[in-house]
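Naming convention: chains lettered A, B, ... in sequence-line order (proteins, then strands); numbering from 1 in each chain.
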Amino acid sequence: MLTLQQIKENKESVINLLKKRNYDFSEQIEKVIETDDIRKSTQTDLDNCLAESKLIAKEIGTLYRNGKHTEAITVKKKALEIKEKIKPLSNELKEVKIKLIKLLTNIPNIPHSSVPSGKLEKDNELIRTAGVKQEFNFKSLPHWELAKRFNIIDFGLGNKITGAGFPVYKGKGAKLQRALINFFLCEAEKQGYEEIMPPLLINEESGFGTGQLPDKEGQMYKIINENLYLIPTAEVPVTNLYRNTILKQEDLPIKMTAYSSCFRREAGSYGKEVRGLNRLHQFDKVEIVQITEPEKSYETLEKMVDYVESLLKKLELHYRIVKLCGGDLGFTSALTYDFEVYSAGQKKWLEVSSVSNFETFQTNRLKLRYRKKGEKRTRQAHTLNGSALALPRIVAALIENNQTKTGIKIPKALVEFTNFDFI
RNA sequence: GGAGAGAUGGCAGAGUGGUCGAAUGCGGUGGUCUUGAAAACCAUUGUACCGAAAGGUACCGGGGGUUCGAAUCCCUCUUUCUCCGCCA
């Protein structure tokens, strides 16, 4: 959610930058400003009425204490008159506030000035490609066939137990999952991220705080009788740890990492895009989250990109990094780098990580602020997060790229975690 | 799941209808004293909104209600603790 301050102080540049999303928000922005003006004047009116009624109430109190009952009754009439003004005003204020929030929550984050313009995936800016593309001197297979042949992932059993998109990992397949989680967590810890193990269910406030609600309600699984949601990413509970918080400047940056299962309805997905591990309803991911001072968030973003890249290097994957164009940029993000790995069996690029700076978009909703030393005022912090990494597509690429005629090789960096080097 | 008792500022803890945005203690910050520190003493110390400022308003777990007036009374939800039951 954008702040009113952002909108009012830089109206033109906000509108212009939002145009990168291929949509003109000037009407909404004007509406926000207009609504906020109504809010202000309504509040001023209400505050004045409340001040008056408070004064009268005190007067009545004094009269009663002095035994002047008849006079008190006269003044009461005056109080009732004001009360009649207060009620509609406070209703009005409540409504205009709701309207304002509604307007604000429908405006996406302002893209960073470096976000490339464009509408589609093809318009994303390629930052770099690295690693070696795997070539085979035999007929290579996609991961779902390899998984079946070596009995490490059973998609059919998942269908039986739950439904499509809930695979069952078996034997070395299950161990590979565990090893990857452990590897990612250990690497994050080396970088100074504190490990968090969060709840997998979140309430509505948390969903609102990081921007999943109300925007992406349909993408989350909801526990109806408890009014809770299954997390689509650990970003939600972990970032919400600091909801409604005022930090000290010296507490920043806050660096957290969390492994969690993630649950996504993926409504609208279909066809070969969802084949095998390419798109699942339940998957595992290690997430990294940072809370920083505004001045340092872009420097931090680059460091996070470098970190995620280091993981892909250690896993010896062929990857590329793209900066998302305005049309591809998520609703809550100001700048996002996507990581894609080449999966040599399917012969296609798979998105394995998204690293984003949300600037104050989340912290405004979260009421996550910090205070500089010696200052009384609070400022909004910046939040950033990234996958480091999501497992399924990494697994897909690993087993496709490292396939041999007789089995699958495990990259060196993982062997100490799997305790085997071949499947 | 059943029964009961709670939820007040960073923490502890008073306050049961009016001058309470809230005593007191601890903690924090600034200062006096000191070679320095400690102790002692003095001052200060919640968040947000409106306002150029003076000042005003809201907030005592959340929401609603009664009343001229609610931290205080009523309803409801959430949550914590104790006991019983169940249980990895």
Side-chain angles (χ1 to χ4, degrees), chain A residues 1-9 32-104 197 199-209 213 222-229 237 240-252 254 261 360 362-381:
Chain A
M1 191 162 76
L2 299 182
T3 63
L4 285 163
Q5 200 188 355
Q6 277 175 302
I7 290 174
K8 287 190 161 173
E9 285 178 10
V32 164
I33 293 172
E34 192 184 299
T35 308
D36 188 51
D37 287 342
I38 297 171
R39 188 205 110 236
K40 274 189 199 173
S41 70
T42 310
Q43 186 169 17
T44 307
D45 292 350
L46 177 62
D47 282 359
N48 290 338
C49 286
L50 284 169
E52 200 181 337
S53 98
K54 258 174 93 164
L55 223 68
I56 293 172
K58 276 183 188 173
E59 196 186 331
I60 293 169
T62 316
L63 289 172
Y64 271 122
R65 233 171 300 114
N66 296 333
K68 298 178 179 170
H69 292 251
T70 35
E71 287 177 44
I73 287 162
T74 322
V75 182
K76 264 194 197 180
K77 277 184 194 151
K78 218 163 84 188
L80 280 167
E81 271 168 41
I82 293 161
K83 216 183 159 186
E84 259 165 56
K85 275 158 77 184
I86 289 174
K87 196 149 192 169
L89 272 175
S90 69
N91 284 339
E92 208 175 301
L93 182 65
K94 212 182 281 178
E95 272 167 37
V96 77
K97 273 184 172 172
I98 290 168
K99 192 174 161 195
L100 187 60
I101 296 283
K102 213 169 185 175
L103 285 167
L104 282 169
M197 194 176 257
L200 303 183
L201 273 69
I202 48 139
N203 57 27
E204 224 168 303
E205 290 86 346
S206 299
F208 179 79
L213 292 174
K222 186 169 187 178
I223 316 288
I224 295 164
N225 51 356
E226 295 284 348
N227 208 24
L228 297 171
Y229 297 85
N240 271 280
L241 256 29
Y242 287 90
R243 173 152 45 88
N244 254 319
T245 302
I246 301 173
L247 293 162
K248 294 193 201 109
Q249 185 178 22
E250 54 266 38
D251 294 333
L252 299 171
I254 286 175
S261 291
T360 59
Q362 292 184 327
T363 51
N364 188 32
R365 293 171 162 229
L366 291 160
K367 295 193 172 60
L368 165 48
R369 297 146 290 169
Y370 77 103
R371 201 176 340 244
K372 288 194 176 181
K373 212 174 166 71
E375 276 190 0
K376 209 177 148 63
R377 65 171 282 212
T378 59
R379 298 163 184 265
Q380 262 153 353

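Counting only distance, with no hydrogens or angles, the side chain of A/Thr363 and the backbone of A/Ala381 share a donor-acceptor pair below 3.5 Å. Of the possible donor and acceptor atoms, none in the side chain of A/Arg243 sits under 3.5 Å from a partner among the backbone N and O of A/Lys367.
Counting to the nearest Å, the C1' atom of B/rC59 and the CD atom of A/Gln43 are 13 Å from each other. For the pair A/Lys97 NZ and B/rU57 P, the computed distance is 15 Å after rounding to whole Å. Put simply, CG on A/Asn48 is 17 Å from P on B/rA54, counting in whole angstrom units. The CD-C1' distance, from A/Glu59 to B/rU67, rounds to 17 Å in whole Å. Distance, A/Leu50 CG to B/rG51 P: 17 Å, rounded to whole Å. As a whole-Å value, the separation of A/Lys40 NZ from B/rA48 P is 17 Å.
Of the candidates B/rG51, B/rU47, B/rG56, the closest approach to any side-chain atom of A/Asp47 belongs to B/rG56. Candidate nucleotides B/rG18, B/rU19, B/rC50 were compared by shortest atom distance to the side chain of A/Ala57, and B/rG18 ranks first. Closest to the A/Arg369 side chain, of the nucleotides B/rC68, B/rU47, B/rG64, is B/rU47. The side chain of A/Lys58 lies closest to B/rU19, out of B/rU19, B/rU47, B/rC68. The nucleotide whose nearest atom lies closest to any side-chain atom of A/Lys83 is, among B/rU47, B/rU67, B/rC50, B/rU67. Of the candidate nucleotides B/rC68, B/rC49, B/rG51, B/rC68 has the atom nearest to the side chain of A/Ile60.
Among the atoms of the strands shown, only primed sugar atoms or phosphate atoms (P, OP1, OP2) are found under 4.0 Å from some heavy atom of A/Arg371. Heavy atoms of A/Ile82 sit nowhere under 4.0 angstrom from any nucleic acid atom. Using a 4.0 Å heavy-atom criterion, one finds that A/Lys248 contacts no nucleic acid atom at all. A/Thr62 comes within 4.0 angstrom of nothing in the nucleic acid, heavy atoms only. Note on A/Lys77: nothing from the nucleic acid sits closer than 4.0 angstrom, heavy atoms only. Residue A/Leu80 is classed as a sugar-phosphate contact, given heavy-atom separations below 4.0 Å to backbone atoms only.
A/Asn203 and A/Ser206 share a side-chain donor-acceptor pair at under 3.5 Å.
Atom NZ of A/Lys102 has 12 or fewer heavy atoms from other residues, nucleotides or ligands within 6.0 Å.
Shown here are the side-chain contact (heavy atoms from CB on, under 4.5 Å) partners of A/Asp251, two or more places apart in sequence or in another chain: A/Leu247, A/Lys248.
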